[in-house]
Amino acid sequence: MALKFYNSLTKKKEIFTPLHESRVNMYVCGPTVYDHPHIGHAKSYVSFDVIVRYLRYLSYKVRYVQNITDVGHLTDNADTGEDKIVKRAQRECVEPAELVEIYTRSYFEDMDALNNIRPDISPRATAHIPEQIELVEKLIEKGFAYVSKGSVYFDVQKFKEYGKLSGRKQEELDAGARIEINPEKRYPSDFALWKKAEPDHIMRWKSPWGEGFPGWHLECSAMSMKYLGQTLDIHGGGLENVFPHHECEIAQSEAANELPFVRYWIHNNMVTVNGQKMGKSLGNFITLKDAFKKYHPLTIRFFILTTHYRSPLDFSNEALDAADKGIERLHNTVKSMRERLHYAKDGSTPPNIYEKLAQYRKVFLEAMDEDINTSGAIAVLFDLSKEVNTLLSSDQEISRKCLEDIDALYQQLGGDILGIIPKTFESKQKSEMDVLGNVMEVLIDTRNELRKAKQWQLSDFIRNKLLTIGITLDDRPDGTTWKKIK
RNA sequence: GGCGGCAUCGCCAAGUGGACUAAGGCCACGGUUUGCAAAACCGUUAUCCUGGGUUCGAAUCCCAGUGCCGCCUCCA
């Protein structure tokens, strides 16, 4: 068994071997923090989170870097237009620095809710201006960049391999370029490394070329180099960034270092909403904060992971409702198993159970090894749950040790790797302590007395009345439980 | 116009040459269980967009067609 990734650079699935044994240096393009995160961010960062988790499960020491872009992206294209952060800050009547702070916090809040493990380093573009300037200087020195009217451009003609990631040819780029030809550039596809700030531009820094701000591809090259070295094991990002962003990163980094920039390029596919592309500029994006009002964050995480990361994901209420029921089923099994654990004693172990558990683990890991097939891995979790449910409802004795081992398997596969099974579920203790909990206890006790007396009409009356106010009762062999319907 | 991707049961979605008479979830139906339910379990439901081709063998490879989508302008 060996972990394989689909490498966008070679367009093939390749066995993963890191540059340095047992260590993985990974960089993922982070968000531009000028608005609340949306479900597209969720897909991207949940996907990469699972990759990090799986690499760690495989005992790699991973350093996961994900930038926070707090400057530089312009509204129109790479070289003209307004700075989006500045524009938004003006609209909200706050300082750009304030705006960036608000949305950075919002971003982490939502990623935490989705159960993404935080990156080891979340470097900000504005905190790395000197590194970026240094990189530009190096590129000028080496003859890959030129200064033009206070701005600096990368000379694409000098970098022969430009286009190797996106499969674009230079002539085509020049010929078919939709962008207006910028007279400051030597060639249409040259891209800005540093832009001169116009007098009214707020976000500006001193540089050898006058006051200005960094080009939008530069930060990723400069920061990944600083924290991860000149050759990264993995660079991830959204498919839409293959060109021009990642192509330009390669050009900058490889021109400067004369070393391969990235060994494995991993790109995740996009989110659509009811079959339509979702984009910031289209204004049809669903923020996570809105989505969380209707669905539990773990439902959204689960939903994302039922589709492969390289496939597009269509966000619809029907699909989310189905996912909601699916994850509930999984959780129910784990809950019952853990309840059983409370009163389990030492005893005998069901026959062959350990062979079966080992088999489930094996199939799960095989799915993950195949380019992170989370859909296949989740299917294994459902198969396992069927097995466990059957076991729990049988008359077989199940030792405490055995239940603990089953729980450990769930925690590793569903918890540590996929992040969809919590260590502990929201305890009912809390609600049982409050008035509702006490009242429910009285009602259930009363109803069970009625049931003992075979007063079915009255006991059904109670259950039906509760249902109309959104509470369901389950009469299980070991007692009656209740829960609120979402 | 250039580049790339996708099309699998009612819906979602794995599988990319032979254990596929195709995983798993949702929905539906039948059964077991239950006082009745719920939960759980068992069972039922596809030959893989169309047409050619390669092969002993194709959902999986090739060609053509149809449809959908993405990138080429910021976006995860």
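Here is how names work: the chains are called A, B, and so on, in the same order as the sequence lines, proteins then strands, and each is numbered from 1. Quantities reported herein were computed from a predicted structural model and do not represent experimental measurements.
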Could you check how far [atom1] of [X] sits from [atom2] of [N], rounded to whole Å?
X: A:Lys11; N: B:rG5; atom1: NZ; atom2: P; value: 8 Å
X: A:Gln276; N: B:rC69; atom1: CD; atom2: P; value: 8 Å
X: A:Ile39; N: B:rA76; atom1: CD1; atom2: C1'; value: 11 Å
X: A:His217; N: B:rC75; atom1: NE2; atom2: P; value: 8 Å
X: A:Ile462; N: B:rG35; atom1: CD1; atom2: C1'; value: 15 Å
X: A:Asp190; N: B:rU73; atom1: CG; atom2: P; value: 15 Å
X: A:Lys277; N: B:rA76; atom1: NZ; atom2: P; value: 11 Å
X: A:Ile51; N: B:rA76; atom1: CD1; atom2: C1'; value: 13 Å

Q) Pick one for B:rA13: is it syn, with its angle within 90° of 0, or anti? A)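 Classified anti.
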
Is the closest basic N to carboxylate O distance between [X] and [Y] below 4.0 Å?
X: A:Arg105; Y: A:Glu109; value: no
X: A:Lys362; Y: A:Glu366; value: yes
X: A:Arg124; Y: A:Glu101; value: yes
X: A:Lys196; Y: A:Glu184; value: no

Determine all donor-acceptor pairs shorter than 3.5 Å in which one atom belongs to a side chain in residues 452-461 of chain A; sequence neighbours excluded.
{"unit_1": "A:Ser459", "atom_1": "OG", "unit_2": "A:Gln455", "atom_2": "O", "d": "3.3"}
{"unit_1": "A:Ser459", "atom_1": "OG", "unit_2": "A:Trp456", "atom_2": "O", "d": "3.1"}
{"unit_1": "A:Asp460", "atom_1": "OD1", "unit_2": "A:Arg463", "atom_2": "NH2", "d": "3.4"}

[M] and [N], which share atom name [atom1], separated by this distance in whole Å:
N: B:rA59; M: B:rU50; atom1: C1'; result: 14 Å
N: B:rA64; M: B:rU21; atom1: P; result: 29 Å
N: B:rG52; M: B:rG25; atom1: C1'; result: 36 Å
N: B:rG30; M: B:rC69; atom1: P; result: 39 Å
N: B:rC62; M: B:rU55; atom1: C1'; result: 12 Å
N: B:rU33; M: B:rA38; atom1: P; result: 15 Å
N: B:rC20; M: B:rC3; atom1: P; result: 39 Å
N: B:rG4; M: B:rA46; atom1: C1'; result: 30 Å

Q | Most 5' of A:Arg310 and A:Asn268 on RNA chain B, judged by nearest nucleotide | A | A:Arg310

Look at all strands and tell whether [X] reaches a base, only sugar-phosphate, or nothing, counting heavy atoms closer than 4.0 Å.
X: A:Val242; answer: nothing
X: A:Asp321; answer: nothing
X: A:Gly40; answer: base
X: A:Tyr45; answer: sugar-phosphate

Q | Donor-acceptor pair present, A:Lys325 side chain and B:rC26 base, under 3.5 Å | A |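 No.
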
Q: Output all residues satisfying salt bridge (charged side-chain N to carboxylate O under 4.0 Å, His left out) with A:Arg451, sequence neighbours left out; order by chain, then residue number.
A: A:Asp475

Q. Restricting to pairs with a member in residues 297-324 of chain A, which pass ring-ring contact (aromatic ring centres under 6.0 Å, His included), not counting sequence neighbours?
A.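 Every ring-ring contact (aromatic ring centres under 6.0 Å, His included) pair that includes a residue of residues 297-324 of chain A, provided the two are not neighbours, is A:Phe303-A:Phe315.
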
Q. In B/S/- notation, 5' to 3', how is nucleotides 37-47 of chain B contacted by protein heavy atoms closer than 4.0 Å?
A. BB-SSS-----

Q: Using a 4.0 Å cut-off on protein heavy atoms (strictly under), produce a 5'-to-3' string for nucleotides 8-16 of chain B with B for base contact, S for backbone-only sugar-phosphate contact, and - for none.
A: -----SSS-

Q | Contact list for residues 387-398 of chain A, test salt bridge (charged side-chain N to carboxylate O under 4.0 Å, His left out), sequence neighbours left out | A | A:Lys356-A:Glu387

Q. Is the side chain of A:Ser394 donor-acceptor paired with the backbone N or O of A:Leu391 at a distance under 3.5 Å, no angle test?
A. yes

Q: Output yes when at least one side-chain N/O atom of A:Asn269 is less than 4.0 Å from OP1 or OP2 of B:rG70, else no.
A: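 For B:rG70, OP1/OP2 do not have a side-chain N/O of A:Asn269 under 4.0 Å.
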
With sequence neighbours left out, write down each residue that passes side chain to side chain contact (heavy atoms under 4.5 Å, CB included) with [X], or none if nothing qualifies.
X: A:Arg186; answer: A:Tyr146, A:Asp155, A:Lys158, A:Asp190
X: A:Ser375; answer: A:Asn373
X: A:Ser166; answer: A:Arg168, A:Val242, A:Phe243, A:Glu247
X: A:Ala379; answer: none

Q) With sequence neighbours left out, what residues match A:Arg329 under side chain to side chain donor-acceptor pair (under 3.5 Å)? A)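 In terms of side chain to side chain donor-acceptor pair (under 3.5 Å), with neighbours along the sequence ignored, A:Arg329 is linked to no residue.
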
Q) How does RNA chain B look in dot-bracket form if you count Watson-Crick and G-U pairs under 3.5 Å, write [ ] for pairs that cross, and put | where a base pairs with another strand? A) ((((((((.[[[..)..(.....]]].(((((.......)))))....[[[[[..)....]]]]])))))))....

Q) Nearest of B:rC36, B:rA76, B:rG70 to any side-chain atom of A:Asp460? A)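 Looking only at side-chain atoms, A:Asp460 lies closest to B:rC36.
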
